[in-house]
Colleague: 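Let me begin by handing over the structure; questions about it come next.
Each chain gets a letter, A, B and so on, in the order its sequence line appears, and its residues count up from 1. Keep in mind that what you see is a predicted model, and the values were worked out from it rather than measured.
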Amino acid sequence: MKEYNFKEVEKKWQKIWEESGLHKTDFSESKNKLYVLEMFSYPSGNKLHNGHWYNYAPSDTWARFKKMQGFNIFHPMGFDAFGLPAENFAIKTGVHPKDSTDKNTVFMTEQLKQIGATYDWEKTLDTSKENYYKWTQWLFLQLYKKGLAYKANAPVNWCPKDKTVLANEQVINGTCERCGTQVIRKKLSQWFFKITDYAEELLEGLEKLDWPEKTKKMQFEWIGKSIGSEIEFKIKNSDKTFKVFTTRPDTLLGATYCTLAPEHELAEQITTQENLAKIKAYKEEVVKLSELDRLSASREKTGVFTGAFAINPINNEEIPIWISDYVLVTYGTGAVMAVPAHDERDFEFAKVFGLPIRKVILQKGTKIETELSEAYTENGTLVNSHGFDGMESVLAKQKITETLKQNGKGEAKINYRLRDWLVSRQRYWGSPIPIVNCEKCGEVAVCEKDLPVTLPYDVEFTPDGDSPLAKHKTFKDTTCPNCNGKAIREVDTLDTFICSSWYYLRYPSVGNDEVAFDFEITKKWLPVDRYVGGAEHATKHLLYARFVTKALRDLGFLGFDEPFLSLTHQGTITGADGRKMSKSLGNVINPEPYVEEFGSDVFRVYLMFNFAFEEGGPWEDSQVKAINKFIKRLYNAVQNGILVFETQNNFVQTQEEKKAGSELYYVLNNSLSGIWKDTEKFHFNTAIARMMELVNEIYKYFSLPKENQNPATVREVITKLVLAFAPFAPHLSEEMWRDLGNTDSIFKESFPKYDESKLQKEMVEIVLQVNGKIREKIEAERDLGTKLVEEIALSNEKIKTFTDGKQILKVIVVPNKLVNIVVR
RNA sequence: GCCGAAGUGGUGGAAUAGGUAGACACAGCAGACUUAAAAUCUGCCGAACGUAAAAGUUCGUACCGGUUCAAUUCCGGUCUUCGGUACCA
């Protein structure tokens with residue numbers, strides 16, 4: 001029998017597919033179009049790792065499965081090539097980010113091709129190339145013109161020694177990963193995208209998306225809508241005021257102090273002379289903390305009294321103003337009215353500093369004078385609230401807000417936790433921001449016709465306080481598009497999340513240098529029908545892409561609301577130790593040795609069989625050999641089958657053949673039915689299990705004497721087996737398809753259908769229970785009446801031993817499954 | 001801390017409009033073939049008690065409790081692990 005040589009065969013088919021243009025998409029035909037997309041990869045020095053394979057290989061199986069259902073597939077792949085790692089690598093080794101990135105991209109493309117996927121390589125893209133980032137800059141300009149891009153101050157991680165901005169991951173326990181210096185939070189002028197303008201729509205749009213519920217939930221919580229009131233407090237002996245946002249205006253009379261974020265603009269202004277030194281010292285400590293630290297409720301509360309007092313607008317009471325790091329300047333107004341009796345954090349703070357705790361909400365069944373041992377944060381009845389006593393929380397919220405509004409001291413307000421998207425980076429390896437600053441005209445957008453603002457190659461990366469581009473004179477110095485006078489360019493670059501927020505729009509239009517995306521093609525081919533990628537992007541990339549889509553729609557460029565109609569997450573493959581794969585932990589597993597030893601098909605099937613696609617799990621490879629064996633078994637079954645139906649011409653039917661044949665047809669249909677349903681849902685492991693059952697059954701049939709094997713049966717079963725396996729092991733299946741006498745690609749065929757009528761067996765097993773415990777299993781004809789089944793169960797000898805002498809209370813019959821007899 | 005998930009044999013994993021827990025595999029054990037090994041094939045394979053062997057009984061889906069004739073599935077609580085927490089992508 002023929003031996004299967006995967007090395008030759010896989011290479012051969014990859015070549016044939018490429019040369020015949022099998023995976024090229026015909027964009028003129030949008031009937032039955034299906035845009036399948038996986039999150040593109042960052043071309044890191046670690047090359048393609050198992051995580052990529054785990055994302056891409058099964059998704060490709062899904063795409064091929066869909067192709068065999070007659071869909072016109074568009075399945076592109078590209079590179080998210082700008083980013084921090086290349087720049088860090090450059091700082092460390094001196095290798096230019098462009099050089100290392102280009103090298104990695106070439107290498108990874110070769111590795112991607114080994115997967116044998118249906119990628120249309122004519123439509124690939126690389127976000128670090130001018131012909132891509134030109135349009136990233138164009139996108140920035142569109143948002144800028146619409147007023148969705150603006151500049152403001154925001155804190156960044158700053159290493160005082162290196163004089164450079166650090167990414168969160170470069171901060172290790174509050175210190176700089178390069179030099180170990182204590183990192184501080186420093187304010188810099190930065191560009192933002194106004195994603196908050198779309199908060200409500202981003203929230204509402206979630207409902208109609210075919211996305212995992214958990215992802216929608218995460219975005220929902222991330223956007224964090226809360227309904228409440230904004231209340232203005234006046235500062236005593238001053239004309240200054242500040243606003244607080246609260247979801248509990250009903251507790252306003254329980255406010256015993258106010259707290260400002262240390263960064264609040266009033267914090268120092270209102271502080272009295274004798275407290276200024278303390279406030280300054282406190283602020284110096286706070287800049288050392290990350291937001292994560294500050295939000296941690298397990299830390300003991302800290303804070304300092306400013307010496308100033310605020311006037312409670314509802315009763316003119318004077319209450320002290322403190323500053324504390326548990327109030328964040330980025331949420332709400334950066335100031336809170338503190339109601340220790342009814343807010344956990346305020347309660348803790350009040351305990352630490354001995355501030356008064358005044359109960360204003362009464363919990364049902366408790367007394368007014370009972371002291372609180374912890375904050376009571378639920379609704380209740382108002383007490384100690386002059387003029388509002390006896391009201392329920394819900395009504396009081398409304399009434400108090402109304403009263404404030406009449407006095408111009410407050411109003412109902414919806415607040416979102418979502419913050420605007422900070423898009424500027426003080427780095428080199430990213431797209432330049434297409435803005436210049438003119439001495440006369442101020443901030444001016446670069447003209448669209450002058451795009452791209454090219455990222456220069458010859459720069460100095462060494463961190464020394466300025467963005468690398470700031471030291472590049474010919475880049476920085478330019479002329480104003482308005483007045484032609486002297487101007488300087490923005491020297492920051494754009495967040496790489498911008499590159500990935502619109503790349504799905506670009507793919508079908510790759511090659512068109514006139515526009516970011518062709519209007520006609522986009523209308524026909526977008527949005528993405530199925531998007532596959534990691535759940536770790538839930539609240540960033542996936543939210544940004546939704547925002548950009550909506551913004552471009554409002555600008556008139558797009559006719560749809562959502563970029564990704566349906567979404568599937570592959571699980572994370574962790575190291576064998578269960579921890580995230582990372583170079584520093586030394587637990588990274590690469591695909592090469594597996595592909596080298598067993599071939600792409602085996603590795604694909606292995607990844608799909610050994611993990612639940614959406615779960616992932618720790619790496620383990622004990623079953624790779626088993627899959628290799630299974631594939632050989634399948635291949636040999638096909639070869640043997642071909643031998644049978646090509647040479648067998650004296651078939652004699654026997655009773656045994658009839659029985660085996662009918663069993664084989666049952667398993668064939670049952671397997672195909674399972675494979676259809678499971679593959680559709682990305683449940684590849686169970687689909688492959690059904691395939692294994694079919695192969696096992698085929699071997700059983702082959703154990704009949706040669707002359708008793710029906711060649712027609714064998715031909716049908718083998719043909720369907722090969723077709724069904726094609727999306728899973730594409731190279732092998734093409735080869736087997738050829739062995740079966742076909743000349744064209746198997747992927748032009750239809751996925752084999754199954755016969756629903758053959759899925760029901762005549763006899764079913766019925767479980768007999770007494771008091772919920774299984775006591776007997778019987779064979780019975782399908783669809784017997786409930787009464788009859790009940791009688792059979794009650795008259796069963798074994799069952800009688802459990803029911804004799806007992807009172808039968810109830811009999812539950814689940815058709816074709818089970819009978820439960822309840823006795824006492 | 002907060003938000004979102006997950007926890008099932010020695011292992012990877014099946015099964016949830018509540019209805020036979022462990023499909024399909026791996027590892028292991030026993031056997032066939034072989035001079036032998038590999039490869040291949042066949043059988044057994046959650047635990048305890050029980051039996052010469054069966055039969056059988058009880059327990060068992062992280063832990064504690066609840067709802068129900070019936071719970072891996074639904075509800076409440078606890079623990080552990082993973083993802084995110086706004087400059088990793």
Colleague: If I pick the C1' atom on B/U16 and the same atom on B/C74, what distance separates them, to the nearest angstrom?
Modeller: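 Each nucleotide's C1' atom is 10 Å from the other's.
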Colleague: Would you mind classifying the nucleic acid contact of A/Glu536 as base, sugar-phosphate or nothing, using non-hydrogen atoms under 4.0 angstrom?
Modeller: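 Counting heavy atoms under 4.0 Å across all strands, the contact made by A/Glu536 includes a base.
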Colleague: Looking across every strand, which nucleic acid part, if any, lies under 4.0 Å from A/Val165 by heavy atom: base, sugar-phosphate, or nothing?
Modeller: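 Since a base atom lies under 4.0 Å of A/Val165, the category is base.
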Colleague: Find every protein N or O atom lying less than 3.5 Å from an N or O atom of nucleotides 38-49 of chain B, and list the pairs.
Modeller:
unit_1, atom_1, unit_2, atom_2, d
B/C41, OP1, A/Arg633, NH1, 2.7

Colleague: Counting only side-chain nitrogens and oxygens, does A/Arg417 get under 4.0 Å of the OP1 or OP2 atom of B/A86?
Modeller: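 Looking at the OP1 and OP2 atoms of B/A86, neither is under 4.0 Å from any side-chain N or O of A/Arg417.
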Colleague: Regarding B/C87, can its base be found pairing with the side chain of A/Gln426 as donor and acceptor, where the two atoms are less than 3.5 Å apart?
Modeller: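 Counting by modelled atom types and ignoring angles, a donor-acceptor contact under 3.5 Å is found here.
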Colleague: Please determine whether a side-chain nitrogen or oxygen atom of A/Ser622 lies at a distance below 4.0 Å from atom OP1 or OP2 of B/A27.
Modeller: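 False: A/Ser622 side-chain N/O out of range (4.0 Å or more) of B/A27 OP1/OP2.
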Colleague: When all nucleic acid strands are considered with a 4.0 Å heavy-atom cut-off, which category describes A/Ile766: base, sugar-phosphate, or nothing?
Modeller: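 Touches nothing.
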Colleague: Taking the same atom, P, in B/A86 and in B/C3, what whole-Å distance lies between them?
Modeller: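 About 16 Å, rounded to a whole number of Å.
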Colleague: Has A/Lys214 got a side-chain N or O lying under 4.0 Å from the OP1 or OP2 atom of B/A5?
Modeller: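 Result: no.
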Colleague: What's the shortest heavy-atom distance between A/Asn771 and A/Val822, and which atoms?
Modeller: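 In terms of heavy atoms, the two residues are closest at OD1-CA, 3.4 Å.
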Colleague: Would you please confirm or rule out a distance under 4.0 Å between OP1 or OP2 of B/C2 and any side-chain N or O of A/Lys217?
Modeller: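 Indeed not, no polar side-chain atom of A/Lys217 lies that close.
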Colleague: When the ring planes of A/His537 and A/His541 are compared, do they come out parallel, tilted or perpendicular, using 30° and 60° as the limits?
Modeller: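 Rings of A/His537 and A/His541: perpendicular, as their planes differ by over 60°.
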Colleague: Does A/Asn610 have a side-chain nitrogen or oxygen under 4.0 Å from the phosphate oxygens OP1 or OP2 of B/A25?
Modeller: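 Negative; the distance criterion is not met.
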Colleague: Do the rings of A/Phe564 and A/Tyr531 sit parallel, tilted or perpendicular, given the 30° and 60° boundaries?
Modeller: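 Because their plane-to-plane angle is under 30°, the rings of A/Phe564 and A/Tyr531 count as parallel.
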Colleague: Does some side-chain heavy atom of A/Glu291 sit less than 4.5 Å from a side-chain heavy atom of A/Thr330?
Modeller: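 They are in contact (side-chain heavy atoms under 4.5 Å apart), so the answer is yes.
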Colleague: Pick base, sugar-phosphate or nothing for A/Phe609, based on heavy-atom distances below 4.0 Å to the nucleic acid.
Modeller: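 The answer is base, as A/Phe609 lies within the cut-off (heavy atoms under 4.0 Å) of a base atom.
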Colleague: Please identify which of these residues, A/Asp621, A/Asn628, A/Asp601, meets the side-chain contact (heavy atoms from CB on, under 4.5 Å) condition with A/Tyr606.
Modeller: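 Of the listed residues A/Asp621, A/Asn628, A/Asp601, the side-chain contact (heavy atoms from CB on, under 4.5 Å) partner of A/Tyr606 is A/Asp621.
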Colleague: Under 4.0 Å from OP1 or OP2 of B/A14: is there any side-chain N or O of A/Asn685 that close?
Modeller: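 So the side chain of A/Asn685 is within the cut-off, an N or O lying under 4.0 Å from OP1 or OP2 of B/A14.
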Colleague: Assign B/G43 to syn or anti; the rule is syn for a glycosidic angle within 90° of 0 and anti otherwise.
Modeller: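 Anti conformation here, the glycosidic angle of B/G43 being more than 90° from 0.
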Colleague: Considering only atom P, compute the distance from B/A37 to B/C63 and round it to an integer number of Å.
Modeller: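 Each nucleotide's P atom is 43 Å from the other's.
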Colleague: Between A/Lys580 and B/G84, is there a contact of a side-chain N or O with OP1 or OP2 at under 4.0 Å?
Modeller: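 A/Lys580 to B/G84 OP1/OP2: side-chain N or O found under 4.0 Å.
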Colleague: Between A/Pro618 and A/Asn820, name the one whose nearest nucleotide on RNA chain B is closer to the 5' end.
Modeller: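 Final value for this comparison: A/Pro618.
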Colleague: Can you name the nearest heavy-atom pair linking A/Glu614 to A/His569, along with the distance?
Modeller: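 Scanning both residues completely, I find the closest heavy atoms to be CG-O, 3.2 Å.
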Colleague: Please evaluate the base of B/U11 for a donor-acceptor partner in the side chain of A/Gln623 within a cut-off of under 3.5 Å?
Modeller: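 No.
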Colleague: Report the C-alpha separation of A/Lys194 and A/Asp420 in whole Å, then their side-chain angles, then the decisive distance to 0.1 Å, and conclude whether the salt bridge (charged side-chain N to carboxylate O under 4.0 Å, His left out) test is met.
Modeller: CA-CA 5 Å; A/Lys194 246 184 186 168; A/Asp420 277 339; over 6 Å; no
Colleague: Quick check on B/C87: is either OP1 or OP2 less than 4.0 Å from any side-chain nitrogen or oxygen of A/Arg425?
Modeller: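 The answer is yes; a side-chain N or O of A/Arg425 sits under 4.0 Å from OP1 or OP2.
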Colleague: For A/Glu765, which contact category applies under a 4.0 Å heavy-atom criterion: base, sugar-phosphate, or nothing?
Modeller: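 A/Glu765: base contact, heavy atoms under 4.0 Å.
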Colleague: Determine whether a donor-acceptor pair (one donor, one acceptor, N or O, separation below 3.5 Å) exists between the side chain of A/Arg690 and the base of B/C24.
Modeller: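 Result: no qualifying N/O pair found.
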Colleague: In whole Å, what separates the P atom of B/U78 from that of B/G19?
Modeller: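 One P to the other, the span is 28 Å.
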Colleague: Which atom names give the shortest non-hydrogen contact between A/Gln190 and A/Val156, and what distance separates them?
Modeller: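 Smallest interatomic distance, heavy atoms only, reads NE2-CG1, 2.8 Å.
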Colleague: Take atom C1' in B/U81 and the same atom in B/G76, then report the distance between them in whole Å.
Modeller: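 After rounding to an integer number of Å, I get 22 Å for this pair.
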Colleague: Looking at A/Lys540, I'd like to know whether one of its side-chain N or O atoms comes within less than 4.0 Å of OP1 or OP2 on B/A86.
Modeller: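 Negative; the distance criterion is not met.
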Colleague: What distance, rounded to whole Å, do you find between the two C1' atoms, one in B/G9 and one in B/C26?
Modeller: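 The same atom, C1', in both gives a distance of 13 Å.
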Colleague: For atom C1', what is the distance between B/A55 and B/G50, given to the nearest Å?
Modeller: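 Nearest-Å result for B/A55 against B/G50 at atom C1': 10 Å.
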Colleague: Pick base, sugar-phosphate or nothing for A/Ala538, based on heavy-atom distances below 4.0 Å to the nucleic acid.
Modeller: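 Contact class for A/Ala538: none.
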Colleague: Are A/Phe611 and A/Phe684, when compared by the centres of their aromatic rings, separated by less than 6.0 Å?
Modeller: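 Distance test on ring centres: not under 6.0 Å, no.
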Colleague: Assign each of A/Phe611 and A/Thr215 to its nearest nucleotide of RNA chain B by heavy atoms, then name whichever residue's nucleotide is nearer the 5' end.
Modeller: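 That would be A/Thr215.
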Colleague: Rounding to an integer number of angstrom, what distance separates B/U42 and B/A27 when you compare their P atoms?
Modeller: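 B/U42 and B/A27 have their P atoms separated by 15 Å.
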